[in-house]
There are 2 protein chains.
Amino acid sequence: MYSIGEFSRITGLSIKTLRFYHEQRLLVPTKVDSGTGYRYYAPQLVETARIITRLRDLDFPLAEITSILAEHNDDADIIEYLERHRAVIEDRLRQYRSVSKALEQIISNEREARQTMNDESFDVQEKTLTPILVAGVRMQGKYSDCGQGFSQIGKAFGFRICGKPMMLCYDSEYRETDANFEPCMPIRKGESVGGVNVRELPGGRAVTVLHRGPYNQLGRSYAKLIDYVKTHGWTIQSPTREVYLKGPGMIFKRNPEKYITEIQMLVEADDVKAPVS
Amino acid sequence: MYSIGEFSRITGLSIKTLRFYHEQRLLVPTKVDSGTGYRYYAPQLVETARIITRLRDLDFPLAEITSILAEHNDDADIIEYLERHRAVIEDRLRQYRSVSKALEQIISNEREARQTMNDESFDVQEKTLTPILVAGVRMQGKYSDCGQGFSQIGKAFGFRICGKPMMLCYDSEYRETDANFEPCMPIRKGESVGGVNVRELPGGRAVTVLHRGPYNQLGRSYAKLIDYVKTHGWTIQSPTREVYLKGPGMIFKRNPEKYITEIQMLVEADDVKAPVS
DNA sequence: CTTGACTATCCCGTTGCTGGAGGCCGTAAC
DNA sequence: GTTACGGCCTCCAGCAACGGGATAGTCAAG
């Protein structure tokens with residue numbers, strides 16, 4: 001017969017835990033001194049304690065352990081318990097996996113944006129865009145409705161999305177209503193499905209500018225770009241693109257003054273014509 | 001201003017939860033009627049509630065959310081929080097993964113054993129063994145000490161183990177003490193390291209028998225096998241093998257009467273000699 | 001007899017809520 | 001007038017699996 005302290009040292013279970021297990025009738029001492037209330041454990045209980053710790057290590061709830069101990073004494077008998085429990089664990093695993101993925105998404109998003117901030121200036125730049133596969137939804141109406149398009153793409157392509165959301169603008173002038181545009185997302189792979197159109201955007205020579213601030217002030221940056229293109233005597237190819245590098249955050253809505261958008265225009269460098277002054 | 005019920009329907013947070021968040025100073029109503037104690041929420045708080053649910057979905061503890069809300073208002077500012085939290089999540093993920101793996105191990109173990117039970121009889125069988133890569137520890141002493149050998153192998157090769165534990169017996173007679181044997185485990189790949197010897201066991205023609213019961217009664221099954229070999233006039237090749245198909249369980253020690261061991265003896269079918277009657 | 005190690009019970013705190021009891025208030029129906 | 005109902009309030013309990021701490025009784029040795 002061991003005292004609770006001895007039994008604790010033998011089994012590695014704390015005294016508190018042993019008392020708690022006693023209260024829960026999970027591991028009842030062989031004898032309790034009726035005078036002093038002292039608990040005494042027989043050596044056979046060491047084995048029971050070992051089983052309990054094994055099952056606890058496997059994250060079984062105490063109630064389940066109690067019933068397992070009461071009814072079974074062979075691994076083969078408890079396969080059903082193990083299976084059921086594994087399903088529970090797998091469930092939590094799935095949950096945590098998706099949380100972890102979401103966290104990673106947000107972090108890398110912000111990291112990237114931070115990089116862009118450091119690396120790039122807010123002047124007009126000339127770039128060569130590479131062709132890119134996108135899924136898009138052609139829409140007509142107000143620009144502010146593009147959110148619906150994005151959520152439609154998100155639902156259809158989810159994890160295949162591999163870049164920042166962007167919008168193609170087919171109008172050559174600014175339109176408050178009845179605008180002709182196409183929210184789209186870069187994807188890894190995929191086929192067009194009901195309403196969502198998959199295709200490759202062409203690459204080529206382009207001029208770009210970073211715009212910082214709310215979307216209703218995009219006009220200024222457009223002006224910068226158009227001026228630049230004009231002075232070089234180039235021709236803008238429709239559609240122009242807006243890439244939303246930093247918009248409303250995943251968590252905070254974020255201050256619109258911090259939004260960062262890249263405007264891209266593919267240009268045709270018409271070498272025959274001379275630059276217009 | 002919304003009443004708590006309205007606000008609950010808008011945000012999807014239960015009334016109880018809203019009261020709790022108030023108590024925790026996480027989401028404090030704009031105004032509390034001093035007479036009735038009624039809580040009233042301003043429309044801006046809808047956004048705050050959205051942020052809270054977002055962070056809760058990411059499994060942030062309430063205390064952390066409180067401090068995030070108090071100090072920040074942009075995703076970029078809370079990257080450190082996100083990172084730290086992701087570490088926590090990854091930790092739990094690792095834990096659950098290992099639990100899930102252990103559960104799977106136990107389950108498949110018992111499944112396999114159950115299969116063996118159904119498929120095989122307890123009569124002597126002739127088989128052709130295929131060569132198999134094992135890690136073993138040569139030992140001298142009492143058979144009951146083989147556990148140490150197994151744990152040594154387990155430590156060295158862990159996840160590369162791919163089969164049931166077995167023992168090679170090099171003695172041609174039974175020895176209580178000073179026996180010459182080698183606990184070993186099938187592995188997928190590996191090199192010999194300090195004390196643990198990796199090599200391929202040869203395949204070939206063999207006779208086997210399943211033994212059910214405690215190890216100290218293995219003698220009976222050995223007798224069966226040896227009789228069988230003798231009647232065919234074959235020669236037993238050393239070492240003989242014991243495969244512990246079902247020994248003490250992973251959780252319960254299990255009743256030794258349920259232990260199942262396969263004894264394997266490679267034989268040389270000496271076709272020149274005629275069978276001994 | 002004292003000292004120090006050991007043990008006992010009881011209560012609280014953890015996390016993020018949910019459920020229930022009991023009570024206040026105002027409105028509508030009978 | 002009263003009863004019912006709906007919405008709100010506060011306070012208390014409970015979940016899981018213990019750990020911490022207070023206070024008091026017990027055991028064996030010196």
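To find a chain, count down the sequence lines: A is the first, B the second, and so on, and within it residues start at 1. Since the structure is predicted, the reported quantities are computational estimates derived from the model, not experimental observations.
Proximity of the aromatic rings of Y244(B) and Y215(B) is defined here by a centroid distance below 6.0 angstrom, and this criterion is met. The distance between the ring centers of Y81(B) and H72(B) falls below 6.0 angstrom.
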Check against side-chain hydrogen bond (donor to acceptor under 3.5 Å, both in side chains), S100(A) and E90(B): CA-CA 7 Å; S100(A) 164; E90(B) 287 292 329; 2.6 Å; yes
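At least one side-chain nitrogen or oxygen of S14(B) sits closer than 4.0 Å to the OP1 or OP2 atom of dT18(C). Between Y21(A) and dA17(D) there is no side-chain polar atom (N or O) within less than 4.0 angstrom of OP1 or OP2. When the side-chain nitrogen and oxygen atoms of T17(A) are compared with OP1 and OP2 of dA17(D), none of them lie within a distance under 4.0 Å. Taking 4.0 angstrom as the limit, S3(A) places a side-chain polar atom (N or O) nearer than this to OP1 or OP2 of dT7(C). At the phosphate of dT10(D), OP1 or OP2 sits under 4.0 Å from a side-chain N or O atom of R39(B).
Side-chain atoms of K16(B) and base atoms of dG16(C) include no donor and acceptor less than 3.5 Å apart.
dT14(C) atom P lies 18 Å from atom CZ of F20(A), rounded to whole Å. Rounded to whole Å, the distance from OH on Y40(A) to C1' on dA8(C) is 11 Å. Atom CG of L18(B) and atom P of dG16(C) are 16 Å apart (whole Å). Counting to the nearest Å, the P atom of dG6(D) and the CD1 atom of I15(B) are 14 Å from each other.
Side-chain proximity of Y38(A) to the nucleotides dA17(D), dC9(D), dT26(D) is greatest for dT26(D). Nearest nucleotide to the side chain of R9(A), out of dG16(C), dC6(C), dG19(D): dC6(C). You'll find that the side chain of T36(A) is closest to dT26(D), out of dG19(D), dT26(D), dC6(C).
In summary, the side chains of Y21(A) and E23(A) do not present any donor paired with an acceptor at a separation below 3.5 Å, with no hydrogens or angles considered.
Residue contacts shown for R56(A) are limited to sugar-phosphate atoms, with no base heavy atom under 4.0 Å away.
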